[in-house]
Participant: 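What follows is a single structure, and I will ask about it in a moment.
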Amino acid sequence: MVMDSSASPRLPPDGRQSATALAVARGTTRLLHALGFSVVSELPLPSGRRADLVALSGAGELWIVEIKSSVADFRADQKWTDYRLHCDRLYFATTLAVPSDIFPKDAGLIVADAFGAAITCDAPEHRLHAATRKCMLLAFARTAALRLAALADPEGPYGGE
């Protein structure tokens with residue numbers, strides 16, 4: 001656990017993301033919170049993949065946001081097509097430096113920096129099946145609860161998610 005300047009505990013970064021990806025995640029999370037969503041980062045999916053950000057609305061709508069920090073990052077990683085099976089809407093989040101025309105037209109787009117973000121293209125809705133929704137809601141809740149418990153008791157038996 002790490003303490004920031006306000007002495008609030010927070011989880012340490014897991015080391016897989018670039019500084020740009022972390023900044024995009026931070027700004028995008030701020031936007032999603034402003035829109036009324038709760039957000040879990042690096043959520044393991046039932047398919048074995050791991051989504052960058054999963055957002056849950058008060059009405060139970062699930063969005064997945066895949067962060068792409070560069071053109072090379074987008075071209076090197078095509079596993080995002082599997083994410084559509086686990087959400088009601090799929091978005092990409094990136095920086096102003098990445099051209100928006102590389103992203104698929106059947107996904108939404110968020111442009112972000114470390115301080116905020118804006119949705120520049122809405123994602124089409126494709127409602128989840130009830131069983132998939134239940135599985136995702138349980139994964140979201142369990143992961144969030146375990147992370148909160150680990151913050152409250154860093155030396156507890158919470159282990160890996």
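Predicted, not measured: the structure shown is a model, and the values here were computed from it. Heavy-atom basis, side chains included; hydrogens, waters and symmetry copies ignored. Positions are given from 1 along the sequence.
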Participant: Does one hydrophobic cluster hold both Leu53 and Leu90, with members joined at side-chain heavy-atom distances below 4.5 Å?
Facilitator: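 Leu53 does not cluster with Leu90.
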Participant: Spell out, as yes or no, whether a donor-acceptor pair under 3.5 Å connects the side chain of Thr132 to the backbone of Leu128.
Facilitator: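 Side chain of Thr132 to backbone of Leu128: no pair is present.
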Participant: Nearest heavy-atom pair of Pro124 and Asp106: which atoms, and what distance?
Facilitator: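 What the structure gives for the nearest pair is CG-O, 3.4 Å.
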Participant: Hey, could you give me the CZ/CG distance between Arg142 and Leu43, rounded to the nearest 0.5 Å?
Facilitator: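 Going from CZ on Arg142 over to CG on Leu43, the span is 12.0 Å.
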Participant: So, the side chain of Asp113 versus the backbone of Gly116: is there a donor-acceptor pair under 3.5 Å, distance only?
Facilitator: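 Yes, the answer is positive, given that a donor and an acceptor are paired below the 3.5 Å cut-off.
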Participant: A side-chain contact here means heavy atoms from C-beta on lying under 4.5 Å apart; do Leu56 and Leu137 qualify?
Facilitator: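 Contact flag for Leu56/Leu137 side chains = yes.
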Participant: Decide yes or no on side-chain contact (heavy atoms from CB on, under 4.5 Å) for Arg50 and Ser41, but give the supporting numbers first.
Facilitator: CA-CA 9 Å; Arg50 186 178 291 262; Ser41 62; over 6 Å; no
Participant: Within the 4.5 Å heavy-atom criterion, are Glu42 and Asp52 side-chain neighbours or not?
Facilitator: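 Yes, their side chains come closer than 4.5 Å.
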Participant: Looking only at heavy atoms, which two atoms of Met136 and His86 are closest? And how far apart?
Facilitator: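 Here Met136 and His86 meet closest at CE-O, 3.5 Å.
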Participant: Would His33 and Val39 count as a side-chain contact (heavy atoms from CB on, under 4.5 Å) if you check the C-alpha gap in whole Å, the side-chain angles of each, and the deciding distance to 0.1 Å?
Facilitator: CA-CA 7 Å; His33 284 165; Val39 179; 3.9 Å; yes
Participant: Grab the two heavy atoms, one from Phe37 and one from Ala55, that are nearest each other, plus how far apart they are.
Facilitator: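 Closest heavy-atom pair between Phe37 and Ala55: CD2-CB, 3.5 Å.
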Participant: State, with a plain yes or no, whether a side-chain heavy atom of Leu45 is found less than 4.5 Å away from one of Ile64.
Facilitator: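 A side-chain contact exists here, since the closest heavy-atom pair is under 4.5 Å.
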Participant: Which pair of non-hydrogen atoms, one from Cys121 and one from Ala107, has the smallest distance, and what is that distance?
Facilitator: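 Looks like SG-O, 4.2 Å.
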Participant: Would you call Asp122 and Arg89 a salt bridge, using N to O less than 4.0 angstrom?
Facilitator: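 No.
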Participant: Output yes when a side-chain donor or acceptor of Arg133 lies under 3.5 Å from a complementary backbone atom of Gly60, and no otherwise.
Facilitator: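 It does hold such a pair.
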Participant: Indicate the ring-plane relationship of Trp80 and Phe74, choosing parallel, tilted or perpendicular according to the 30° and 60° boundaries.
Facilitator: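 If you compare the ring of Trp80 with that of Phe74, the planes turn out parallel.
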Participant: Provide the full list of ring-ring contact (aromatic ring centres under 6.0 Å, His included) pairs with a residue in residues 113-132, sequence neighbours left out, each pair given once.
Facilitator: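 Sorted pair list comes back empty.
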Participant: Using only atom types and a distance under 3.5 Å, with no angle test, would you say the side chain of Asp77 pairs donor to acceptor with the backbone of Asp73?
Facilitator: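 Flag not set: sc Asp77 to bb Asp73 has no pair under 3.5 Å.
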Participant: Among Thr94, Leu22, Val24, Ile110, which residue meets the side-chain contact (heavy atoms from CB on, under 4.5 Å) test with Ile67?
Facilitator: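 That would be Val24; it is the only one of Thr94, Leu22, Val24, Ile110 passing the side-chain contact (heavy atoms from CB on, under 4.5 Å) with Ile67.
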Participant: Taking all heavy atoms of Val98 and all of Lys68, pick out the closest pair and write down the distance.
Facilitator: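 Heavy atoms only, the tightest pair is CG2-O, 4.4 Å.
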Participant: Quick one: does Tyr91's side chain have a donor or acceptor within less than 3.5 Å of a partner on Trp63's backbone?
Facilitator: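 It does not hold such a pair.
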Participant: Please report the interatomic distance CG(Leu31) to CZ(Arg26), rounded to the nearest 0.5 Å.
Facilitator: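 One finds 14.0 Å between CG of Leu31 and CZ of Arg26.
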Participant: With sequence neighbours left out, write down each residue that passes side chain to side chain donor-acceptor pair (under 3.5 Å) with Glu155, or none if nothing qualifies.
Facilitator: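 For Glu155 there are no side chain to side chain donor-acceptor pair (under 3.5 Å) partners, ignoring immediate neighbours.
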Participant: Test of understanding: clusters of I, L, V, M, F, W, Y form through side-chain heavy atoms closer than 4.5 Å, transitively. Do Val71 and Phe92 belong to the same one?
Facilitator: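 Yes, Val71 and Phe92 fall within the same hydrophobic cluster.
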Participant: Any side-chain to backbone donor/acceptor pair from Asp88 onto Glu125? Under 3.5 Å, distance only.
Facilitator: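 No: the side chain of Asp88 does not pair with the backbone of Glu125.
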Participant: Could you state whether Val111 and Phe103 fall into the same hydrophobic cluster, counting links through intermediate Ile, Leu, Val, Met, Phe, Trp or Tyr residues with side-chain heavy atoms under 4.5 angstrom apart?
Facilitator: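 Looking at the clustering, Phe103 is in a separate group from Val111.
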Participant: Minimum heavy-atom separation for Val65 and Ala93, please, with both atom names.
Facilitator: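 Scanning both residues completely, I find the closest heavy atoms to be CG1-CB, 3.5 Å.
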Participant: Give the intermediate values and the outcome of side-chain contact (heavy atoms from CB on, under 4.5 Å) for residues Leu109 and Ile119.
Facilitator: CA-CA 6 Å; Leu109 185 63; Ile119 295 174; over 6 Å; no
